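Every value quoted in this text rests on a predicted model; they were computed, and no experiment measured them.
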Amino acid sequence: MSLTFISTARIIRRSSLLHQSCKPTARLSTPAPPAGAAAPKSTFKPPQSSFLKAQAEAAEAARQGPPPPQSFLDQPAPPLSKVVFGLSLIGAAGAYGYLYTHLGGNESLARTASFYSLAIPSYIHYRYHMAVDSPDLVWDELHKETSLKGLNKILELQGFYVKSGQMAAANIGNAFPLIWQDTMSVLQDECPARSFKEVKQVVEEEYGKPLETVFSSFEEKPIGAASIGQVHRATLTSGEKVVVKIMYPNVENVFRGDVRTIKLFAQIAQPVHVPPLIEIEKQFMTEFDYVQEAKQLEKVRDNMTKSGITGEKGRCEIPKPYLDLCTKRVLVMDELKGDKLVVELKRDMERQKKRMEGMLKNGQNAEQFAKEFELGENGPTAEEYERLIGLLNVRRRMQNVGSLLWNVSVGWLPGVEWKQYESEGSLPINHAKLIDDLLFVHGNQILVDGCFNGDPHPGNILLLGVEDGNPRLGLIDYGQVKVLTKDERLLFCQIIVALANSDKKALVELLKKAGYKTRYMDPNIMYRFATLAYDEDNAELTEGKHIQLYMEHLHDNDPVEHLPQQYIMASRVSILLRGLGHAVHQSRSVAKVWKPIAEEELRKEGLL
């Protein structure tokens with residue numbers, strides 16, 4: 001939302017400049033005369049001949065009955081002020097009609113007004129503190145206050161604005177302060193749920209029969225709620241344990257209005273964001289048909305199974321849909337036994353904090369140890385994590401042996417408490433491996449299969465097997481699946497290799513081939529754009545600027561005229577996964593991780 005505040009000010013400023021620069025070629029009324037000067041006479045001449053004719057015909061009316069119908073042009077002309085007022089009303093009605101049509105009706109207009117009633121004043125506060133260079137403490141208080149107001153507004157409006165909040169929670173583009181990430185994190189899986197009565201009504205309308213005839217049990221309390229719908233555990237009459245995803249009534253109209261609002265705003269304030277919004281809007285609209293989503297889920301799952309990426313020994317699990325039970329607003333699939341990634345990571349942090357507090361000596365506290373362990377910008381590698389986990393596991397087993405000996409000997413004495421055993425689930429989670437696995441899985445979906453989930457935000461990622469000491473990914477929500485043609489897929493493989501090799505000349509030519517076009521086609525700006533979009537983001541790349549301000553800087557120097565629409569969702573995947581990496585101190589160059597996958601595909605086709 002903080003990015004929106006910056007955009008809001010830009011639209012106000014540009015609107016003001018536009019108003020000052022526009023000089024109408026004709027006026028409906030003359031300007032006011034200088035003080036003391038006589039007012040100019042109106043040059044408006046009513047059609048006198050028609051007017052007199054109408055008077056004569058009216059005088060004759062008593063003898064000849066009602067006059068024949070009159071033409072509009074034959075009526076007395078209204079005063080000029082009424083003409084101006086009438087045309088103003090027509091103009092206002094036209095503007096209202098335009099907004100009504102493009103935003104989706106009165107409800108969307110009201111939602112837009114409500115959102116900007118917070119966004120505009122909040123933006124002014126931010127700009128003020130930037131101008132006076134306020135200290136960090138002031139910024140922290142501003143972030144706390146504004147992010148909380150923003151969260152309340154999002155929870156009030158819901159719809160697409162929830163997606164915006166999730167972007168802040170996921171730290172899209174490494175653009176959001178930690179306070180904003182923490183405040184918005186509840187939106188990853190704790191959106192307001194609808195009543196069971198409403199859910200049951202949707203299910204029965206879709207199936208055309210009572211809920212009990214399809215499900216032998218159906219938990220009334222949802223296990224998760226999102227912007228579009230919510231999920232309940234259930235058991236089929238045939239005995240299978242499943243989860244049921246139900247779409248909220250009228251949510252499609254609300255989403256369409258919200259996306260149009262943002263797109264209309266961007267067209268005026270930040271044209272550089274319009275092409276991505278067009279593609280994102282197109283992909284979001286596929287979320288409103290659960291039959292289509294179920295087919296996409298099945299296709300991605302089949303691809304991952306054939307490649308050996310899914311399964312108990314694979315890197316991830318993807319649920320199986322029950323296609324015969326899926327409708328436009330109801331999706332039935334297997335349940336993956338695990339919790340949301342963000343929830344499990346928080347639990348892991350608490351477990352390791354307690355562990356460190358028990359291990360640390362010499363006055364060193366857990367926070368200091370954790371900070372050193374993170375190794376600054378990037379934490380340990382997957383191999384370093386494995387070594388640490390291995391050592392802690394040996395220690396855990398030795399402690400459990402000691403606890404066993406205590407319990408079977410001294411523990412039997414009266415008044416002596418038994419010692420607890422430590423499970424494998426108490427061991428640290430390998431954060432580095434999680435990020436590596438996420439990048440590998442989605443790299444294969446994009447570069448090998450050309451069929452991928454374009455919305456892998458943390459709320460759509462589960463962590464399975466934690467209690468068994470074998471954590472692995474569970475990937476859900478396939479409403480935004482993007483499909484690339486073979487030619488598009490192979491061209492993107494070449495772009496990834498060029499980025500990984502820092503081959504600016506080759507990259508620029510590949511971007512041109514993909515359809516990237518700017519006003520001046522500056523190769524340096526094209527290279528930086530592609531790096532930010534598909535590869536990585538850091539302070540060195542953005543010259544110390546906030547990523548949003550840096551993108552505006554690039555656009556101001558060489559305005560974008562056309563983006564490769566086919567790769568916008570791939571860019572979104574890269575940015576989402578990089579944001580998660582930043583959050584757990586596991587930043588990556590996506591191009592370098594994906595390079596081996598891309599090169600293998602190019603070799604298969606004889607292109608390398």
Side-chain angles (χ1 to χ4, degrees), residues 3 172-175 263 266-267 269-283 442-443 445-447 450 452 454 480 482-538 541-543 545 547-578 589-595 597-599 601-602 605 607-608:
L3 301 183
I172 296 295
N174 202 21
K263 190 170 68 173
Q267 286 172 342
Q270 294 186 320
V272 68
H273 293 307
V274 173
L277 279 171
I278 292 172
E279 177 65 14
I280 289 171
E281 177 185 22
K282 183 169 67 176
Q283 290 299 136
H442 290 88
Q445 289 182 9
I446 295 170
L447 302 171
F452 61 94
Q480 295 182 48
K482 175 71 176 177
V483 176
L484 301 176
T485 67
K486 182 178 179 180
D487 288 342
E488 290 169 346
R489 178 173 62 83
L490 293 175
L491 179 56
F492 193 64
C493 286
Q494 293 175 309
I495 289 173
I496 290 299
V497 172
L499 277 169
N501 293 337
S502 300
D503 190 341
K504 183 186 296 185
K505 182 178 179 181
L507 179 64
V508 168
E509 292 306 312
L510 291 167
L511 290 175
K512 291 178 181 177
K513 187 175 179 181
Y516 180 85
K517 186 178 181 182
T518 66
R519 183 176 299 171
Y520 308 116
M521 298 300 285
D522 185 321
N524 291 320
I525 290 180
M526 293 173 70
Y527 179 78
R528 288 180 174 272
F529 164 80
T531 302
L532 284 171
Y534 310 123
D535 185 16
E536 61 181 337
D537 51 83
N538 52 56
L541 179 66
T542 61
E543 301 173 357
K545 295 183 177 71
I547 189 168
Q548 175 67 20
L549 297 179
Y550 186 71
M551 291 296 290
E552 292 176 6
H553 165 72
L554 294 181
H555 181 71
D556 289 342
N557 281 275
D558 192 5
V560 175
E561 295 182 354
H562 186 267
L563 289 177
Q565 294 286 317
Q566 66 274 28
Y567 301 137
I568 285 173
M569 297 308 287
S571 170
R572 177 177 168 79
V573 171
S574 173
I575 292 171
L576 278 168
L577 297 183
R578 276 149 45 189
S589 162
V590 175
K592 286 183 172 63
V593 176
W594 286 354
K595 178 184 174 182
I597 305 172
E599 287 181 330
E601 288 302 299
L602 293 173
E605 299 297 328
L607 298 174
L608 191 65

Query raised in the report: Hey, is the main chain of Ala514 close enough, under 3.5 Å, to the side chain of Gln566 for a donor-acceptor pair?
Result: yes
Between the OG1 atom in Thr518 and the CD atom in Glu561, the distance rounded to the nearest 0.5 Å is 7.0 Å
Give a yes or no answer on whether the side chain of Asp522 reaches the backbone of Asn524 with a donor-acceptor pair at less than 3.5 Å. yes
Looking only at heavy atoms, the pair that brings Met551 and Leu532 closest together is SD-CD1, 3.5 Å
Pro564 and Gly515 have their tightest heavy-atom pair at CG-C, 4.4 Å
In short, Asp558 meets Arg519 closest at the heavy-atom pair OD1-N, 3.2 Å
Q) Is it true that the NZ or CZ of Lys504 lies under 6.0 Å from the centre of Tyr527's six-membered ring and within 45 degrees of the ring axis? A) yes
Between the CZ atom in Phe452 and the CG atom in Leu447, the distance rounded to the nearest 0.5 Å is 9.5 Å
Taking the side chain as every heavy atom from C-beta outward, state whether Tyr516 and Leu510 have any pair of such atoms under 4.5 Å apart. no
Interatomic distance, OH@Tyr550 vs CD@Glu543, rounded to 0.5 Å, equals 4.5 Å
Taken to the nearest 0.5 Å, the spacing of Ile575 CD1 from Ile568 CD1 works out to 10.5 Å
His555 side chain to Val560 backbone, donor-acceptor under 3.5 Å:
yes
(Q) Would you say Thr485 and Arg489 are linked by a side-chain donor-acceptor pair, where the criterion is simply a distance under 3.5 Å? (A) no
Residues Asp535 and Ser589: closest non-hydrogen pair is OD1-OG, 2.7 Å
Sequence neighbours excluded, the answer for salt bridge (charged side-chain N to carboxylate O under 4.0 Å, His left out) partners of Glu536 is none
Nearest heavy-atom approach of Leu554 to Phe529 is CD1-N, 4.3 Å
Rounded to the nearest 0.5 Å, the CD1 atom of Ile446 sits from the CD atom of Glu488 at a distance of 13.0 Å
